[in-house]
Amino acid sequence: METILQGTAEIRFTHPDAFREWVREHKRREMVEKLMTEGEAVSRCVADGDYIAYDFSSLTRGPQALVREIIRQRRRDLWICAEFTLHESALLVGGGCASRIDVGFLGYGNYIGRAVSDGRVRVFDWTNGALASRMLAGARGVPFMPVRTLLGTDTLRHSGARVVHDPFTGDPVCLVPALNPDVFLVHVHQADVFGNARIFGTNLFALEAATAARKVILAAEEIVDPLEFRKDPARTTIPYFLVDAVVHLPFGAYPGGVQARYELDLEHIDKVNAIQSEEQMQAYLAEFIYGVQDHADFLNRKVGWHRLQDLARRATIREGYH
Amino acid sequence: METILQGTAEIRFTHPDAFREWVREHKRREMVEKLMTEGEAVSRCVADGDYIAYDFSSLTRGPQALVREIIRQRRRDLWICAEFTLHESALLVGGGCASRIDVGFLGYGNYIGRAVSDGRVRVFDWTNGALASRMLAGARGVPFMPVRTLLGTDTLRHSGARVVHDPFTGDPVCLVPALNPDVFLVHVHQADVFGNARIFGTNLFALEAATAARKVILAAEEIVDPLEFRKDPARTTIPYFLVDAVVHLPFGAYPGGVQARYELDLEHIDKVNAIQSEEQMQAYLAEFIYGVQDHADFLNRKVGWHRLQDLARRATIREGYH
Amino acid sequence: MIEFTDTEFMICTAARLLEDRKTVFVGWGMPQLVAMLAERLYTPSLVQIFEFGAIGPQSLIPFVRGTMGGPSNVYRSLQWSNMNWAFAYAGTGYVDYGMIGAAQIDTFGNVNSTLLGGTYERPARRFPGSGGGNEVASLCWRTILVMKHEPRRFVERLDFMTSPGYLDGPGGREKVGLPRGTGPWRVVTSKALFGFEEETKRLTLLGVLKGLSVPEVLDGMEFRPLATDLVEEIAPPADEELRVLREQIDPSGIVIRGEKMRAAR
Amino acid sequence: MIEFTDTEFMICTAARLLEDRKTVFVGWGMPQLVAMLAERLYTPSLVQIFEFGAIGPQSLIPFVRGTMGGPSNVYRSLQWSNMNWAFAYAGTGYVDYGMIGAAQIDTFGNVNSTLLGGTYERPARRFPGSGGGNEVASLCWRTILVMKHEPRRFVERLDFMTSPGYLDGPGGREKVGLPRGTGPWRVVTSKALFGFEEETKRLTLLGVLKGLSVPEVLDGMEFRPLATDLVEEIAPPADEELRVLREQIDPSGIVIRGEKMRAAR
């Protein structure tokens with residue numbers, strides 16, 4: 001397969017056989033309880049140097065509490081998949097956790113842009129669609145996915161994609177390598193203790209990434225009876241055997257919202273987005289992340305019951321989320 | 001892209017650009033009513049020489065009434081995608097409609113086996129998974145899908161797949177060409193007049209094939225208010241813009257069943273499976289297909305109210321089908 | 001005289017370009033407002049597609065800031081799906097229009113939304129990058145680019161080509177394997193409207209905001225767009241457009257705020 | 001003496017092979033009954049996966065003939081999905097066991113389920129072909145082949161290789177690009193149980209039905225399977241197995257009917 005053009009990015013690539021062997025040895029087919037605290041989950045599943053991906057957006061159903069826990073545990077040298085990310089990337093860089101970013105969408109704000117310019121974090125440019133396709137390849141156990149995007153651009157030249165001649169048409173086609181993250185973080189509406197999970201609304205690549213990842217940490221607004229899943233199997237987004245840790249984290253997407261549960265807290269989001277200097281960043285981390293014990297402590301001391309109830313009260317659109 | 005090995009099968013392959021242009025010109029983004037009779041739908045959408053695919057199985061939610069209508073209209077030289085098919089292939093060959101079959105699973109019974117041995121129909125061997133992957137490629141607008149199956153077998157040598165060296169691992173990988181059927185037939189639980197559709201239970205590749213096909217004929221047990229789809233968008237299996245014709249065909253999967261609506265009629269299925277000789281086949285076609293005007297006439301004169309009510313009454317498992 | 005912001009002008013101009021009963025791939029922020037305005041005034045049956053999997057929503061107004069994927073954004077969709085499916089629909093040709101932003105463009109409508117200045121490793125300014133922009137520009141039939149009108153954004157050579165326009169000219173897209181017959185169709189700026197000449201695929205001035213002269217608009221650009229003989233006069237935002245935008249769609253002025261402009265009615 | 005059919009013996013023998021708390025890819029017909037029996041007697045937490053997208057159902061009994069995908073078959077699944085996802089789980093290594101049938105096998109466990117005799121274009125007998133068998137044999141970690149014991153089915157050279165065993169021997173699968181560490185694990189026939197020798201990947205006799213001799217079982221095969229020093233005696237179906245099969249799972253005898261056999265208890 002002659003490569004016509006090859007992007008220059010370093011890629012985190014796992015041979016499909018190596019991934020399969022990891023699954024065989026580490027993923028439990030047994031239905032065992034996986035309920036634990038976010039502290040345990042991150043401590044067990046996230047190691048320095050890991051490649052981390054997450055679903056959905058910073059503002060809706062993002063795994064914010066898990067991201068904060070990773071920062072609190074001061075993981076280092078993470079490589080993150082920045083898809084639909086806004087402030088998570090900034091916080092992970094600010095906390096000194098992330099050193100490399102695969103970019104779909106890097107996130108707004110001067111802080112993250114400056115960190116790139118200063119060389120404090122290395123970026124590799126892809127696209128949202130290319131990263132979703134890479135995740136699909138990872139989930140199907142194949143080494144790559146063909147796409148008809150990236151072609152002709154600098155994005156391609158700076159990505160880790162390759163262009164080859166498609167043998168069926170003879171035309172050039174772009175191949176993006178499979179992505180098998182070390183860790184996938186996902187915040188869901190409902191889960192059972194085994195890891196079966198439901199997401200309401202849309203998602204980026206929840207099932208793809210859960211299937212493709214070595215370790216999956218599930219944060220759930222609500223823990224429900226396992227029988228619920230068997231009674232409505234069409235609603236299951238992620239089956240239990242893909243999942244390594246289940247954490248019950250109500251308001252875990254805060255300051256983002258979760259559909260039909262609570263609205264986003266724009267005031268707090270503005271506070272994060274306003275971070276420009278290193279000093280502001282460290283002050284934010286000190287107050288809201290290092291300065292609290294865990295998610296419950298954060299909600300209790302830094303957000304408060306009244307605010308949480310207000311955000312929940314504003315989530316009046318329920319249609320379709322069941 | 002150097003081909004290490006290439007299967008010998010003739011393939012029906014459409015350049016992704018040609019398919020896109022067909023979509024641009026023929027698929028209506030407008031929400032227009034597409035309700036018509038099965039006679040009109042087949043007469044408008046199915047031409048001699050077309051490539052036809054269908055979902056799901058002969059025994060559950062298969063588009064049996066549409067297949068019978070194709071036979072009744074005596075289409076010729078069809079190329080069919082036999083995935084999970086049992087007696088449809090046999091009936092289409094018996095009616096002189098099908099001349100080529102891409103085999104996932106050819107179907108049981110002596111009649112179809114003999115037709116192959118006699119050279120009355122040409123078969124090309126694939127696998128169920130390969131055909132589903134080909135459909136996925138067709139639905140993503142890319143020329144092929146990589147798979148790690150078929151490799152090393154005669155199935156590969158007699159398919160239209162190719163083996164190349166994957167540029168990321170250096171290992172051989174199999175590429176299956178995109179499949180863009182001319183017509184996709186699907187029987188669904190619910191549809192609206194525009195073609196939005198819901199399938200309850202599992203499916204083979206309903207959305208993949210609907211996206212990949214030039215023309216989609218939807219047969220529905222029930223026509224519902226379009227607003228129903230907007231109120232529960234997570235339940236939409238197929239969006240309207242993929243669909244060309246909507247046919248209201250209660251009991252349209254008969255003699256197969258439809259989950260939570262009616263059970264299969266094993267007596268009639270046995271009658272079809274028992275067909276061995278050409279004479280038996282022609283007698284069956286004459287009585288149950290050529291001898292009736294349409295699906296309603298078939299149900300009325302050849303099945304009867306009592307039998308239909310009995311099959312419906314037996315469909316007592318409703319859990320999850322809503 | 002009518003007063004409005006540069007953003008309002010871009011939104012109104014873009015909204016007038018959309019065709020009813022067609023599909024459009026909608027990006028984050030301004031394109032959401034364009035679709036909302038068009039849906040209310042011009043194209044009630046426009047079908048919106050979002051990269052995060054909302055197909056055909058009837059988004060609620062007022063626009064909720066930051067609600068990409070939230071309940072008001074995806075309200076009454078026809079289908080809730082995911083990213084691979086949203087792009088599959090675009091990849092197979094079901095999406096007529098796409099709308100994306102740009103930091104720089106060149107004469108062939110190639111787009112930079114990644115960085116300005118410096119090197120790739122150490123850019124002087126770093127932006128979010130492609131997001132789904134590259135997919136939209138690669139796969140939708142007609143791409144509409146929306147960009148604030150600053151002459152320095154029209155460059156001979158992009159600092160980085162994030163998303164494809166016509167690349168190096170006619171046939172450029174096909175040569176690299178992009179889908180045939182696609183490409184940038186219009187460029188909406190805060191002062192003008194551009195298209196692309198059929199033959200050369202070069203940026204062509206189609207219209208300028210009423211009251212502005214052609215030289216005023218083109219002054220300072222690194223390359224000179226082609227101009228049709230009859231450069232149209234673009235009407236400023238109409239009262240009704242502004243009313244719907246300001247009162248119904250963005251009453252808190254989150255997106256529509258911007259540089260003040262004025263034009264004769 | 002205990003009386004049973006060849007099918008009952010294969011079902012019981014296969015059911016005893018499955019491991020609890022593991023995933024198994026279940027094909028149509030006989031494998032469905034194997035899984036049902038195992039679930040009831042030996043492996044209550046076995047997770048069944050079907051190619052048409054049912055993940056982890058607790059299928060209702062009695063077995064309804066022809067109900068691949070019907071409500072009793074997919075009852076109380078953990079997830080209702082589709083074919084591409086079912087095979088994605090297998091492709092990424094989440095499926096431990098697979099069970100498929102065969103018309104012929106060779107010494108390396110390669111499988112023919114496509115045709116017998118004649119040419120490819122004009123076979124003497126044509127069968128259904130791969131179905132999902134090729135995927136199961138390619139992607140699951142351990143494949144169990146189930147085949148009626150007729151010596152003529154054990155051949156030197158298959159009339160057609162539908163699904164891969166160890167191909168031409170050790171390393172054969174890896175050489176052509178199949179997933180590492182996979183392959184046929186057991187062959188269950190109506191008289192015996194075979195495995196594959198670690199070194200040579202050749203078919204090895206592990207056990208014979210109680211009362212049968214090794215020569216009786218191997219007689220007439222085109223190739224001679226290896227035999228372990230200690231060929232086990234396989235117990236005939238136990239009363240409890242037969243009771244559950246006949247009374248609960250297949251009371252109308254649709255699948256379990258077959259050639260009558262008998263053995264000492």
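Residue numbers begin at 1 in each chain, while the letters A, B, ... track the order of the sequences. Quick caveat: nothing in here was measured; it's all calculated off a predicted structure.
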Q: Please name the pair of heavy atoms, one in S77(D) and one in P233(A), separated by the smallest distance, quoted to 0.1 Å.
A: O-CG, 3.3 Å
Q: Begin from the C-alpha positions of W85(D) and R140(A) and carry the test side-chain contact (heavy atoms from CB on, under 4.5 Å) through to its verdict.
A: CA-CA 8 Å; W85(D) 275 109; R140(A) 286 173 61 86; over 6 Å; no
Q.
I want to check a possible cation-pi pair here: R20(A) against W141(D), using under 6.0 Å from ring centre and within 45° of the ring axis as the test.
A. yes
Q. Using non-hydrogen atoms only, which part of A210(A) is less than 4.5 Å away from chain D: side chain, backbone, both, or neither?
A. backbone
Q.
For the CD atom on Q248(D), are there more than 12 heavy atoms of other groups (residues, nucleotides or ligands in this structure) within a distance under 6.0 Å?
A. yes
Q: Can you tell me which residue pairs pass the salt bridge (Lys or Arg N to Asp or Glu O under 4.0 Å) test with a partner in residues 238-249 of chain A, sequence neighbours excluded?
A: K27(A)-D244(A)
Q.
I'd like to know which of K231(A), E208(A), R24(A), R235(A) tops the heavy-atom pair count under 4.5 Å against chain D.
A. R24(A)
Q. Hey, what's the ring geometry for F241(A) with Y94(D), parallel, tilted or perpendicular (30° and 60° as the breaks)?
A. tilted
Q. Below 4.5 Å, heavy atoms only, C-beta onward: do R230(A) and L78(D) meet side chain to side chain?
A. yes
Q: Would you mind checking which part of A54(D) comes under 4.5 Å of any heavy atom in chain A, side chain (CB onward), backbone (N, CA, C, O), both or neither?
A: neither
Q) What part of T182(D) gets closer than 4.5 Å to chain A, counting heavy atoms only: side chain, backbone, both or neither? A) side chain
**Q.** Test side-chain contact (heavy atoms from CB on, under 4.5 Å) applied to V47(D) and Y240(A), step by step
**A.** CA-CA 11 Å; V47(D) 178; Y240(A) 79 95; 3.1 Å; yes
**Q.** Part of L242(A) within contact of chain D (heavy atom distance under 4.5 Å)
**A.** both
Q) Any idea which of L207(A), N180(A), D232(A), V32(A) has the most non-hydrogen atom pairs under 4.5 angstrom with chain D? A) L207(A)
Q. Which value, rounded to the nearest 0.5 Å, describes the distance between R180(D) atom CZ and H15(A) atom NE2?
A. 6.5 Å
Q) Of the backbone (N, CA, C, O) and the side chain (C-beta and beyond), which part of D20(D) lies under 4.5 Å from a heavy atom of chain A, both, or neither? A) neither
Q) Do the side chain of Q79(D) and the main chain of T236(A) share a donor and acceptor less than 3.5 angstrom apart? A) yes
Q. Heavy-atom distance under 4.5 Å to chain D: side chain of D17(A), backbone, both or neither?
A. both
Q. Just wondering, are more than 12 heavy atoms of other shown residues or ligands nearer than 6.0 Å to CD in E240(D)?
A. yes
Q) Pick from L227(A), V142(A), L136(A): which one has the most heavy-atom pairs with chain D under 4.5 Å? A) L227(A)
(Q) Do R29(A) and T23(D) make a side-chain contact, defined as non-hydrogen atoms from C-beta onward lying under 4.5 Å apart? (A) yes
Q: Could you have a look at N84(D), V95(D), I55(D) and say which one has the most heavy-atom pairs with chain A under 4.5 angstrom?
A: N84(D)
